[in-house]
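Numbering of residues begins at 1 and proceeds along the displayed sequence. What you see is a predicted model; the values in this text were computed from it and never measured.
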Amino acid sequence: MEQRIQKRCEVADEYKWNTADVFATDEDWAREFDALGEELTKPAAFRGRLGEVEELLECLRLCDDLDRRAGLLWLYALLKSSEDTANSTYAAMESRFEGLQARLGAAQSFIVPEILGLDEESLRRRLEEHEGAKLYAFYLDNIWRLKAHVLSPEIEEVLALAQEVTDAPDTIFSMIDNADMKFGTVAGEGGEIELTHGRYKGLMESQNRAIRIETFTKYYAAYVRQKNTLAANLNAWVKRNIFYANMRKYGSALESSLSGFNIPVQVYTNLVDTVRKHNGLMHRYLDIRRRFLGLEELHFYDIYTPIVKEADTKISWQDAKDVLLRALAPLGADYVDVVRRAMNEGWIDVYENEGKAGGAYCAGMYGAHPYVLMNFDGTIGDVLTLAHEVGHMMHSHYSNTAQPHIYSNYTIFVAEVASTVNETLLLNYMMNTTDDRKMLAYLVNESLEGIRGTIFRQTMLAEFEKRIHDEVAAGSPLTHESLCETYAALNRDYYGGGVVHDSEIAYEWSRIPHMYMGFYVYQYATGMSAALALSRGILAGDAGKVQAYLEFLAAGSSDYSINLLKAAGVDMSSPRPIEAAMKVFEELLDRMETYSDV
């Protein structure tokens, strides 16, 4: 019998997030939407007056408040749309917000160019003499740092208004992927099962190879059917990134993306170069996986299945919560208490329902507690995902609590650090609380999989993203043939000859939403490298390092990300954290070899 996905109304309230903590009703959201829209004319009153310190500070305070209110509108629209992506009411709500966001950006677009047109030395001196200006010192320093890339007020306004249109490829991909894409059913152990995003990974972890093959084939077939549309859409997105980079006089879209957070391009290229040097470790891992599975040939549909067949990896939601709370104990009672409250007070949406957005995410905005979306299906992987998203949640909680709104939103560069620290603590706890060799082998393999998927694979995706931008910048359009050719070549480099390069895997680019996030994926790899380094100090019981880590979580964006990590004890401008992560991977491979008898 086919296992039907629940409708939203069939899911018990205890497993749903409580959106009323942001707005009590859709009508309240609409009233605030209209009220904020009416106030978008207010910043214009300060045009031409920012040379006066009091006027400048009043304008910055006004815009800070407008941004804060807009953030809550965005959060509510995102949460409601995620509950059912096919619900046209909430799709329209998101679309309305995108229009408001474009208007808000346009309303504020004169501020930075006008500040940069003033005498910097004189304005700095007068601001230093004003007590109320201290809050905006780092904000203004960052503006002056980017002076060469800020355009005239008129052009900045046009670019801000164009954002809604130029972001369209991201919206289009989301609708295709979440609302329109259908994968059919798979012959599961208990009958026909509807194949969905939420179920894909669980089915790919099946010990039944026939299920894995059918899942892999049908899942990718859906994307292959859309190959021309998805290629054209990705091509449009890459052109968008290059357009903005050229307009702002950057040397490349990559440089443009990294400059906002003051990340040197060398951090990106250094990651690719360092990981590539260690691809032999990936090839060794794949050989171990093939041998443990007893296969003559390893295929990409064999990559995710646990290589310890007897390990019982199913876990209930209650047990998942309990084990995570115990695993996070090294971070202190306050940290654990907040996580416990989040689990019981509607911060987390637990189970998959019909139309619900796939995967998992955390969304946090100043003025509301963070929210976590899950599609929990009872695997250890799901528990690791919970730990991951709770890491994001706590990063947002600490930042929002400790920082003023203007510095509360931590940067993307450090976004994956807290999530990966949590995963590392969970795996360590589970390995230390069992003497079952089969379970230990399973957990060691999970640790290997974490590094494989987060450092090796995300670095490969980062290299792919850079290559396709370079190709378009050089005048070559992206087609599904060229995208597949580039992706397949990288797969061969990173995975080597230890796996059969099934034709479907060349289309993997077409299903990755992060391709529409502007050079995001490399930060998974740098984030894990930093997290592994931070975790060592936490697990060693070093109170000073725990405190430094918690201060990092609370720092938000009050300094540049590179500096925040240095203060916590990790220098990402050096290859050492990446080299150290490769050493951890090698040690795990050695340990895995000792479990060959299980």
Would you call the rings of [X] and [Y] parallel, tilted or perpendicular, taking 30° and 60° as the class edges?
| X | Y | answer |
| --- | --- | --- |
| Tyr522 | Phe413 | tilted |
| Phe519 | Tyr268 | perpendicular |
| Tyr200 | Tyr220 | perpendicular |

Under 4.0 Å between a side-chain nitrogen and a carboxylate oxygen: does that hold for [X] and [Y]?
| X | Y | result |
| --- | --- | --- |
| Glu463 | Lys466 | no |
| Asp177 | Arg511 | no |
| Arg124 | Asp141 | yes |
| Arg240 | Asp167 | yes |
| Asp287 | Arg284 | no |
| Arg457 | Glu449 | no |

Rounded to the nearest 0.5 Å, what's the gap from [atom1] on [X] to [atom2] on [Y]? Could you check?
| X | Y | atom1 | atom2 | value |
| --- | --- | --- | --- | --- |
| Ser109 | Arg103 | OG | CZ | 13.5 Å |
| Leu426 | Leu384 | CG | CG | 5.0 Å |
| His469 | Lys239 | NE2 | NZ | 12.5 Å |
| Leu146 | Leu116 | CG | CG | 8.5 Å |

Under the 3.5 angstrom rule, does the side chain of [X] hit a backbone N or O of [Y] as a donor-acceptor pair?
| X | Y | value |
| --- | --- | --- |
| Ser259 | Ser256 | yes |
| Glu416 | Gln523 | no |
| Glu98 | Glu164 | no |
| Asn241 | Ala253 | no |
| His405 | Gly367 | no |
| Ser257 | Gly518 | yes |
| Thr274 | Leu271 | no |
| Asp502 | Ile505 | no |

### Query
What are the two closest non-hydrogen atoms of Ala231 and His480, and how far apart are they?
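Closest pair (atom of Ala231, atom of His480, distance): CB-N, 3.5 Å.
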### Query
Hey, does Arg145 have a side-chain heavy atom less than 4.5 Å from the side chain of Asn262?
yes
### Task
Could you please spell out the steps behind the side-chain contact (heavy atoms from CB on, under 4.5 Å) verdict for Ile263 and Ile562?
CA-CA 7 Å; Ile263 305 297; Ile562 290 285; 3.8 Å; yes
### Task
State which residues pass salt bridge (charged side-chain N to carboxylate O under 4.0 Å, His left out) with Glu587; sequence neighbours excluded, sorted by chain then number.
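Expected list: none.
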### Query
Quick one: which of Phe585, Tyr285, Tyr494, Tyr524 gives a ring-ring contact (aromatic ring centres under 6.0 Å, His included) with Phe456?
Phe585
### Task
Please identify each residue that fulfils side chain to side chain donor-acceptor pair (under 3.5 Å) with Glu94, with sequence neighbours left out.
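Residues passing side chain to side chain donor-acceptor pair (under 3.5 Å) with Glu94: Ser81.
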### Message
Under the rule for side chain to side chain donor-acceptor pair (under 3.5 Å), what residues qualify as partners of Asp571, not counting sequence neighbours?
### Response
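Partners of Asp571 under the side chain to side chain donor-acceptor pair (under 3.5 Å) test: Ser573.
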For [X] and [Y], which I'm curious about, is there any donor-acceptor pair between the side chains at under 3.5 Å?
| X | Y | answer |
| --- | --- | --- |
| Thr166 | Tyr244 | yes |
| Tyr560 | Asn142 | yes |
| Ser82 | Tyr361 | yes |

### Query
Are Tyr219 and Tyr223 an aromatic pair by the rule of ring centers under 6.0 Å?
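Here the rings of Tyr223 and Tyr219 have centres that are less than 6.0 Å from each other.
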### Query
Counting only heavy atoms not in Arg61, do more than 12 sit closer than 6.0 Å to its CZ atom?
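Check passes, neighbour count above 12.
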